[in-house]
Peer 1: 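I have a structure I would like to understand better, so I am pasting it below and will then ask my questions one at a time.
What you see is a predicted model; the values in this text were computed from it and never measured. A note on names: the letters A, B, ... follow the listed sequences, proteins ahead of strands, and every chain is numbered from 1.
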2 protein chains.
Amino acid sequence: MIKNLNRETSITLVLDIIRKYGPINRCKIAKRTSLSPATVTNITDKLIKTGFICEIPTTISKRGRRPINLVLSNKNHLSIGIEIDSRRITGVIIGLSGDIVRKERVDINRSTPKDIFKRSIELYNSLIRNLDKKSIIGLGIGIPGLIDSKNKKVLFSAVLGWKDVSVEEFFEAIDTPIFIEDNVRAITLGELWYGAGIGRDNLLCIGAGRGISVGIVIDGSIYSGPNDRAGEFGHIVVEKDGKRCKCGNYGCLEAYVSTEAIIEKVLDGVKNNAYTGFSPKNENELFEEIIYTGKKGDKFILNIFEEVGEYLGIGLANLINLFNPELIILADELAKAGDLILEPVKRTIRLHALPPIPEIVTSKLGTLACAVGSATLAIKELLYSRLDRYLGG
Amino acid sequence: MIKNLNRETSITLVLDIIRKYGPINRCKIAKRTSLSPATVTNITDKLIKTGFICEIPTTISKRGRRPINLVLSNKNHLSIGIEIDSRRITGVIIGLSGDIVRKERVDINRSTPKDIFKRSIELYNSLIRNLDKKSIIGLGIGIPGLIDSKNKKVLFSAVLGWKDVSVEEFFEAIDTPIFIEDNVRAITLGELWYGAGIGRDNLLCIGAGRGISVGIVIDGSIYSGPNDRAGEFGHIVVEKDGKRCKCGNYGCLEAYVSTEAIIEKVLDGVKNNAYTGFSPKNENELFEEIIYTGKKGDKFILNIFEEVGEYLGIGLANLINLFNPELIILADELAKAGDLILEPVKRTIRLHALPPIPEIVTSKLGTLACAVGSATLAIKELLYSRLDRYLGG
DNA sequence: GGTTTTTATTTCAGTATATAAAATTAACTA
DNA sequence: TAGTTAATTTTATATACTGAAATAAAAACC
């Protein structure tokens with residue numbers, strides 16, 4: 001049990017400031033936390049001794065004693081993150097400040113939970129070879145679908161074709177805390193702590209791939225809703241009595257905006273002899289090929305992104321009107337399209353969203369976002385809930 | 001300045017529990033706050049001495065010493081709330097537990113800020129006659145429009161026809177802290193603390209009248225967004241390229257769902273000899289008359305509510321998919337329609353929202369919601385930020 | 001009816017955290 | 001070299017929180 005609640009929160013407060021605004025010196029931490037400099041000295045001493053943070057030399061030269069900057073340390077505590085999707089498993093090791101220490105990726109075909117988790121454990125073991133096991137603080141796993149992260153269950157995953165899969169049992173052999181999360185929330189956390197969202201407190205992260213959902217950051221933390229069902233962006237209605245969606249309803253955003261919808265449109269066009277330079281080659285890389293052709297200036301493809309962008313723009317305008325975010329990050333597959341999709345999106349937003357229009361950017365962590373974000377799950381848990389175990393001994 | 005941050009937060013914690021779950025005894029407070037019983041005794045002693053809470057006798061009879069229940073006290077601290085809208089000014093006095101001590105309402109026609117605030121001050125003085133001025137903790141004012149509550153400015157109000165009105169100067173004569181807030185957020189706060197939302201932490205409160213917006217409650221507190229622009233529910237697009245909205249765009253929810261849109265539809269029908277028993281009488285009470293006719297079973301009116309309800313249902317389904325709220329409260333003018341609108345709304349929601357479908361209810365505070373919520377602004381500020389001033393001396 | 005059990009609350013001594021104020025350190029400057 | 005400025009640390013102090021024991025107040029038991 002936590003022996004003293006206040007001490008815990010003060011330490012977390014300081015760590016939070018260092019994470020968000022580091023490198024930062026003790027004086028500034030004191031100001032930001034409204035703790036006294038004396039307290040900051042006490043806390044940072046402990047944190048340095050336990051290896052969470054370290055001092056780095058300052059070169060700036062004003063008058064007075066030079067401030068000593070503090071940053072999260074990447075040396076003593078490492079976290080592992082694994083992204084599972086239908087085509088591959090991606091693993092990373094990151095330090096507390098989000099630096100990627102190692103990364104590995106394996107392609108997969110099989111898709112039974114048992115097979116996939118077996119490959120995941122192989123990947124985990126490969127990643128941590130030669131590492132001091134004491135430095136590993138946890139393993140986070142990002143999985144597309146409906147996740148019960150508290151009970152470590154995959155309730156449903158359309159992409160993987162899973163239903164009611166309990167994750168914990170598969171990882172019994174691994175002697176480190178395990179965390180699972182829905183892939184888009186993992187991406188959101190990754191971008192918030194270590195990516196495009198650093199220093200922001202209210203942002204939305206759009207995970208657009210086969211499905212489309214939104215990671216919601218409110219006052220610096222991820223909002224999942226009381227039943228973890230928040231962020232079902234794909235099924236908001238943007239056109240009453242519109243196109244039929246896979247969910248059975250009509251006019252859902254996902255019916256218009258998803259890699260599948262785009263691929264379908266393109267293939268339809270090709271089949272009907274549309275004027276385009278696109279011809280499908282690798283079954284598995286269709287979307288990437290479409291983007292490639294689009295970026296070369298293919299009018300047919302450009303038009304499709306124009307259309308899709310308009311729908312996505314309406315969806316984002318709705319989000320802006322509701323959430324008034326500082327920033328919107330476009331992530332996952334669709335983000336690969338870059339300006340191809342961003343341009344029409346931004347144009348539509350200007351028409352439909354009430355000002356202020358937030359910045360809209362693509363993912364900074366790119367294809368590693370989910371794995372990094374998953375690793376961040378363990379770091380977050382450590383910094384917010386498990387600190388005492390490290391500070392006590 | 002707050003002398004000791006930790007003490008402050010513990011006291012607030014305890015007060016919060018008493019507010020949300022009171023009447024409640026010290027033992028249960030200790031469990032809920034994870035403070036020790038000893039600490040709870042200390043804190044509650046202080047709170048009793050300063051008149052924030054009081055003990056009430058317990059009648060239940062189990063084994064063991066009877067618990068002593070604690071509740072917020074209505075005796076020593078009172079808050080005034082005033083709602084300003086285009087047709088009337090409504091004032092209430094409430095105690096800390098939300099009990100309405102007094103209420104008054106005046107009709108107005110004039111609408112210059114100066115006139116309206118003059119009437120508001122008259123109302124204020126009338127409300128507080130014979131009261132011990134020391135017991136008054138503040139005055140909250142709810143105003144429809146875009147409010148800068150920090151700087152106490154009305155940036156824009158379509159309903160009142162105001163732009164850039166600084167509120168503070170008008171109330172210089174009043175010697176109590178003043179708070180202003182957008183009317184829907186005030187309603188939301190009122191319902192959350194003292195109305196249909198008691199004990200809930202994640203809910204949405206739909207303020208539907210001439211305009212339509214949503215008060216968002218996340219983890220027990222109201223989310224306004226970094227620029228106070230969150231909740232612009234009226235301008236989310238539910239039908240791409242749909243009906244033109246006053247804002248200039250097409251397909252906004254507000255174009256379909258608002259008292260104005262309903263009145264317009266009804267009058268149109270009457271003009272075109274629709275088969276209906278409705279005939280407009282009092283220019284100012286049109287909407288109430290429509291509801292009255294509808295509740296009598298008039299098919300024409302019922303159909304209109306059916307149509308409008310379908311649009312509102314789609315809007316709410318979108319909110320449910322995004323926010324996964326525990327509860328949705330329908331408030332303001334449209335709430336007066338009750339089941340007339342709730343039935344079609346619920347039906348549409350079942351079609352378009354992903355489960356779990358939250359409870360959907362109408363405002364509990366009714367026409368006093370905004371005034372009560374405005375008064376709550378002062379109470380909230382007192383409990384969260386001004387406690388030390390009372391506990392110190 | 002008195003004793004025991006149960007539960008709620010309070011007392012009290014001890015611990016530890018935060019603070020203010022003063023001291024120290026470490027730079028630059030005149 | 002002394003003076004100025006700014007960052008950090010030291011020190012003594014105050015106090016919030018806790019655990020454990022004590023007390024209070026009820027019902028249950030014999």
Peer 1: In whole Å, what is the span from the NZ atom of A:K46 to the P atom of C:dA16?
Peer 2: 9 Å
Peer 1: Atom NZ of A:K49 to atom C1' of D:dT9: distance rounded to whole Å?
Peer 2: 13 Å
Peer 1: Under the rule for side chain to side chain donor-acceptor pair (under 3.5 Å), what residues qualify as partners of B:D182, not counting sequence neighbours?
Peer 2: none
Peer 1: Could you list the residues that satisfy salt bridge (charged side-chain N to carboxylate O under 4.0 Å, His left out) with A:K364, not counting sequence neighbours?
Peer 2: none
Peer 1: Rounding to an integer number of Å, can you tell me how far A:I11 CD1 sits from C:dT17 P?
Peer 2: 8 Å
Peer 1: Write down the distance between CD1 (B:I43) and C1' (C:dT9), rounded to a whole number of angstrom.
Peer 2: 15 Å
Peer 1: Taking CG from A:N42 and P from C:dA20, how many angstroms apart are they, rounded to a whole number?
Peer 2: 14 Å
Peer 1: Considering the options A:L15, A:N76, A:V71, which one meets the side-chain contact (heavy atoms from CB on, under 4.5 Å) requirement together with A:I53?
Peer 2: A:L15
Peer 1: Can you name the residues that form a side chain to side chain donor-acceptor pair (under 3.5 Å) with A:T44, not counting sequence neighbours?
Peer 2: A:R26
Peer 1: Quick one: is C:dT10 close enough that its OP1 or OP2 comes under 4.0 Å of any side-chain N or O from B:T41?
Peer 2: yes
Peer 1: How long is the span from the CG atom in A:L13 to the OG1 atom in A:T33, to the nearest 0.5 Å?
Peer 2: 6.0 Å
Peer 1: Tell me the bend of the helix from C:dG1-D:dC30 to C:dA30-D:dT1 as the angle between end helix axes, each from five pairs, rounded to the nearest 10 degrees.
Peer 2: 10°
Peer 1: When the distance from NZ of A:K31 to P of D:dA6 is rounded to whole Å, what number comes out?
Peer 2: 9 Å
Peer 1: Taking side chain to side chain donor-acceptor pair (under 3.5 Å) as the definition, give me every residue that meets it alongside B:D148, ordered by chain and number, with sequence neighbours left out.
Peer 2: B:N151
Peer 1: Check DNA chain D against residues 18-27 of chain A and give the residues with a non-hydrogen atom under 4.0 Å, in numerical order.
Peer 2: A:N25, A:R26, A:C27
Peer 1: Considering residues at least two apart in sequence or located in another chain, which fulfil the salt bridge (charged side-chain N to carboxylate O under 4.0 Å, His left out) criterion with A:K380?
Peer 2: none
Peer 1: The criterion is salt bridge (charged side-chain N to carboxylate O under 4.0 Å, His left out); which residues satisfy it with B:E181, sequence neighbours excluded?
Peer 2: B:R185
Peer 1: Write down the distance between CD1 (A:I29) and P (D:dA7), rounded to a whole number of angstrom.
Peer 2: 13 Å
Peer 1: Is there a donor-acceptor contact under 3.5 Å from the side chain of B:S79 to the main chain of B:A375?
Peer 2: yes
Peer 1: Pairs under 3.5 angstrom, nitrogen or oxygen only, protein versus nucleotides 23-26 of chain C, please.
Peer 2:
unit_1, atom_1, unit_2, atom_2, d
C:dT25, O2, A:R65, NH1, 3.4
C:dA26, N3, A:R65, N, 3.2

Peer 1: Strictly below 4.0 Å: does A:S36 bring a side-chain N or O up to OP1 or OP2 of C:dA18?
Peer 2: no
Peer 1: For A:Y223, what residues pass the ring pair (Phe, Tyr, Trp, His ring centres under 6.0 Å) criterion, not counting sequence neighbours?
Peer 2: none
Peer 1: So B:P67, base contact, sugar-phosphate only, or nothing? Heavy-atom distance under 4.0 Å.
Peer 2: sugar-phosphate
Peer 1: Nearest-Å distance, CG (B:L391) to P (D:dT15)?
Peer 2: 14 Å
Peer 1: Toward the 5' end of DNA chain D, which comes first, A:D45 or B:A38, by nearest nucleotide?
Peer 2: A:D45
Peer 1: For A:F52, enumerate each residue passing the ring pair (Phe, Tyr, Trp, His ring centres under 6.0 Å) test, keeping only those at least two apart in sequence or located in another chain.
Peer 2: A:H77, A:Y390
Peer 1: Is B:S10 close enough to D:dA16 that one of its side-chain N or O atoms is under 4.0 Å from OP1 or OP2 there?
Peer 2: no
Peer 1: For residues 16-25 of chain B, run the donor-acceptor check on the side chains, cut-off 3.5 Å, and write out each pair with its distance to 0.1 Å, sequence neighbours left out.
Peer 2:
unit_1, atom_1, unit_2, atom_2, d
B:D16, OD1, B:Y384, OH, 2.5
B:D16, OD2, B:Y384, OH, 3.0
B:K20, NZ, B:D201, OD1, 3.3
B:N25, OD1, B:C27, N, 3.1
B:N25, OD1, B:K28, N, 2.9

